[in-house]
Student: 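Here you go, one structure.
Quick caveat, the model's predicted, so the values are computed rather than measured.
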Amino acid sequence: MLAGCSPSGGSTSSSSSPTTTAVKVPTGFDPCNDIPQNILDSEGLQGKQPDDFQADAGKTLWRGCQWVELDGYAATIQTTNLSVDATRDKHFTNTQEFTINGRRAISTQQQADHTSEDCTINVEMKGGSLQFDLNNPASRSKTGTTDTCQLARGLAEKVVPSMPASA
C-alpha cells in the first residue's frame with residue numbers, strides 16, 4: 001500500500017499489484033531529519049512542518065518539510081521522483097543548469113504569478129532529486145530585496161554536501 005497526502009492535505013492511497021511498480025521518492029536522505037541543525041540555524045529557518053504530496057494521479061511524489069525564516073523567506077525541501085532532466089523538459093521560466101557539490105542541478109521559476117518571489121532548485125539524486133522551493137515576498141524585511149533564486153541556491157549549496165554520496 002502506497003499512502004501520501006494530496007495538496008489539499010487529505011490522505012490518498014493506492015494499492016500496488018504484482019504487475020505494477022510502486023512509485024517511490026529517492027531514499028538515503030530525509031530532508032526533515034537529515035539537514036544539520038547548524039544549517040537551519042545559519043539560515044534562520046524554524047517551525048518545521050511535514051509537507052508531503054503527490055500529483056499526476058500519484059505518479060509524481062514529494063516527501064519533506066517546510067520551514068520559515070521570520071520576516072524572511074519560506075523554504076520547502078523535499079525528495080521527489082521528478083528528475084533534473086524531467087524538470088528541464090517542462091520548460092519553466094528562467095531555467096538555469098549548474099552543479100552543486102558534483103551533482104547536476106537546475107533552477108526554475110514555476111509559479112505563474114509572482115515569479116520573482118518564487119524559485120525552485122532540483123538537485124540530482126538516485127531515483128529523482130532533492131527539491132528546494134523558496135517563496136520570498138518582496139514585503140519581507142530580511143530577505144525581500146534579495147533574488148529568490150540566489151537565496152535558494154545558497155541554501156542548496158549548504159544542504160547538498162550533507163547528503164551521502166549513495167543518495
Side-chain angles (χ1 to χ4, degrees), residues 4-12 25-26 29-56 59-84 86-101 103-125 128-163:
C5 295
S6 69
S8 63
S11 179
T12 62
V25 297
F29 186 79
D30 176 357
C32 295
N33 298 306
D34 295 343
I35 297 173
Q37 186 63 45
N38 66 325
I39 293 172
L40 298 172
D41 293 345
S42 74
E43 292 291 309
L45 295 173
Q46 54 189 315
K48 175 175 76 173
Q49 296 293 320
D51 192 357
D52 298 346
F53 66 95
Q54 61 180 314
D56 306 322
K59 294 178 185 172
T60 308
L61 304 173
W62 290 264
R63 299 279 184 265
C65 285
Q66 60 184 339
W67 294 263
V68 67
E69 177 185 11
L70 296 179
D71 210 19
Y73 69 86
T76 302
I77 307 172
Q78 302 162 306
T79 54
T80 177
N81 60 347
L82 189 64
S83 69
V84 169
T87 302
R88 181 189 336 95
D89 292 345
K90 292 183 180 279
H91 304 289
F92 291 114
T93 303
N94 295 327
T95 298
Q96 295 184 357
E97 294 188 56
F98 49 95
T99 60
I100 297 177
N101 202 43
R103 294 176 188 257
R104 293 184 315 133
I106 188 168
S107 68
T108 57
Q109 292 180 305
Q110 300 181 11
Q111 303 301 319
D113 298 328
H114 310 294
T115 57
S116 65
E117 295 181 357
D118 297 291
C119 187
T120 301
I121 291 182
N122 291 76
V123 180
E124 185 175 47
M125 290 182 73
S129 63
L130 183 63
Q131 182 169 298
F132 297 79
D133 279 318
L134 266 66
N135 177 269
N136 184 40
S139 61
R140 301 297 172 103
S141 65
K142 287 185 181 175
T143 60
T145 59
T146 304
D147 179 78
T148 306
C149 284
Q150 180 183 341
L151 291 169
R153 186 167 177 168
L155 178 60
E157 287 173 343
K158 289 181 178 182
V159 171
V160 171
S162 66
M163 295 170 55

Student: Could you tell me whether the side chain of S129 and the main chain of M125 form a donor-acceptor pair under 3.5 Å?
Tutor: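 Side chain of S129 to backbone of M125, a donor-acceptor pair under 3.5 Å: no, none is there.
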Student: Do you see a donor-acceptor pair shorter than 3.5 Å between the side chains of T108 and Q110?
Tutor: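 Result is yes, a qualifying pair exists.
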Student: Can you run down the salt bridge (Lys or Arg N to Asp or Glu O under 4.0 Å) pairs that involve residues 37-47, sequence neighbours left out, and say none if there aren't any?
Tutor: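 Only E43-K158 qualify under salt bridge (Lys or Arg N to Asp or Glu O under 4.0 Å).
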Student: Nearest 0.5 Å, what's the CG-CD distance between L155 and E69?
Tutor: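 With rounding to 0.5 Å, CG (L155) is 10.5 Å from CD (E69).
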Student: Enter the distance from L82:CG to K59:NZ here, rounded to the nearest 0.5 Å.
Tutor: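 One finds 14.0 Å between CG of L82 and NZ of K59.
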Student: Run the side chain to side chain donor-acceptor pair (under 3.5 Å) test against S141 and tell me which residues pass, sequence neighbours left out.
Tutor: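 Result, side chain to side chain donor-acceptor pair (under 3.5 Å) vs S141: D71.
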Student: Give me each pair satisfying salt bridge (Lys or Arg N to Asp or Glu O under 4.0 Å) with a member in residues 130-156, each pair once, sequence neighbours excluded.
Tutor: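 Pairs touching residues 130-156 that pass the test: R153-E157.
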Student: Is it the case that atom CD in Q96 sees more than 12 heavy atoms from other parts of the structure closer than 6.0 Å?
Tutor: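 Atom CD in Q96 is not crowded, with 12 or fewer foreign heavy atoms closer than 6.0 Å.
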Student: Is the side chain of K48 donor-acceptor paired with the backbone N or O of C65 at a distance under 3.5 Å, no angle test?
Tutor: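 Checked: no pair found.
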Student: Grab the two heavy atoms, one from V25 and one from W62, that are nearest each other, plus how far apart they are.
Tutor: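 The answer is CG1-N, 4.2 Å.
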Student: Please examine the side chains of L130 and V159, heavy atoms only from C-beta on, and report whether any two atoms are closer than 4.5 Å.
Tutor: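 Side chain of V159 against side chain of L130, heavy atoms only: contact under 4.5 Å found.
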Student: Taking side chain as C-beta onward, heavy atoms only, is T146 less than 4.5 Å from Y73?
Tutor: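 No; the side chains remain at least 4.5 Å from each other.
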Student: With a 4.5 Å cut-off on side-chain heavy atoms, are F132 and S107 touching?
Tutor: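 Not in contact.
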Student: Quick check: closest heavy atoms across R104 and V84, and the distance to 0.1 Å?
Tutor: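 Nearest pair, atom of R104 first, then V84: O-CG2, 3.8 Å.
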Student: Nearest 0.5 angstrom please: S162 OG to I39 CD1, how far?
Tutor: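 So the gap between those two atoms works out to 4.5 Å.
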Student: How many angstroms lie between CG in D118 and CG in N94, if you round to the nearest 0.5 Å?
Tutor: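 So the CG of D118 and the CG of N94 are separated by 12.0 Å.
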Student: Taking all non-hydrogen atoms of both residues into account, name the closest pair between T148 and S116 and its distance.
Tutor: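 Of all heavy-atom pairs spanning T148 and S116, the closest is OG1-O, 2.9 Å.
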Student: Less than 4.5 Å apart, any side-chain heavy atom of T79 and any of P31?
Tutor: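 They are in contact (side-chain heavy atoms under 4.5 Å apart), so the answer is yes.
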Student: Are the side chains of V160 and M163 in contact, using a 4.5 Å heavy-atom criterion?
Tutor: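 When only atoms from C-beta onward are counted, V160 and M163 do touch, with a gap below 4.5 Å.
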Student: For T143, is there any backbone N or O sitting under 3.5 Å from a side-chain donor or acceptor partner on N136?
Tutor: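 Yes; judged by distance alone, with no hydrogens or angles, the pair exists.
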Student: Measure across A75 and L134 and return the closest heavy-atom pair with its distance rounded to 0.1 Å.
Tutor: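 Closest approach of A75 to L134: CB-CD1, 3.8 Å.
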Student: Roughly how far, to the nearest 0.5 Å, is CD of Q131 from OG1 of T80?
Tutor: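 Going from OG1 on T80 over to CD on Q131, the span is 5.5 Å.
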Student: To the nearest 0.5 angstrom, please state how far the CG atom of L70 sits from the CD atom of Q46.
Tutor: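 Output value for this atom pair is 4.0 Å.
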Student: On a heavy-atom basis, which atom in A152 and which in I121 lie closest, and how many Å separate them?
Tutor: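 Answer, listing the atom of A152 first, then I121: C-CD1, 3.5 Å.
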Student: Any idea which heavy atoms bring L61 and N81 closest together, and the distance?
Tutor: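 Minimum heavy-atom separation between L61 and N81: N-OD1, 2.9 Å.
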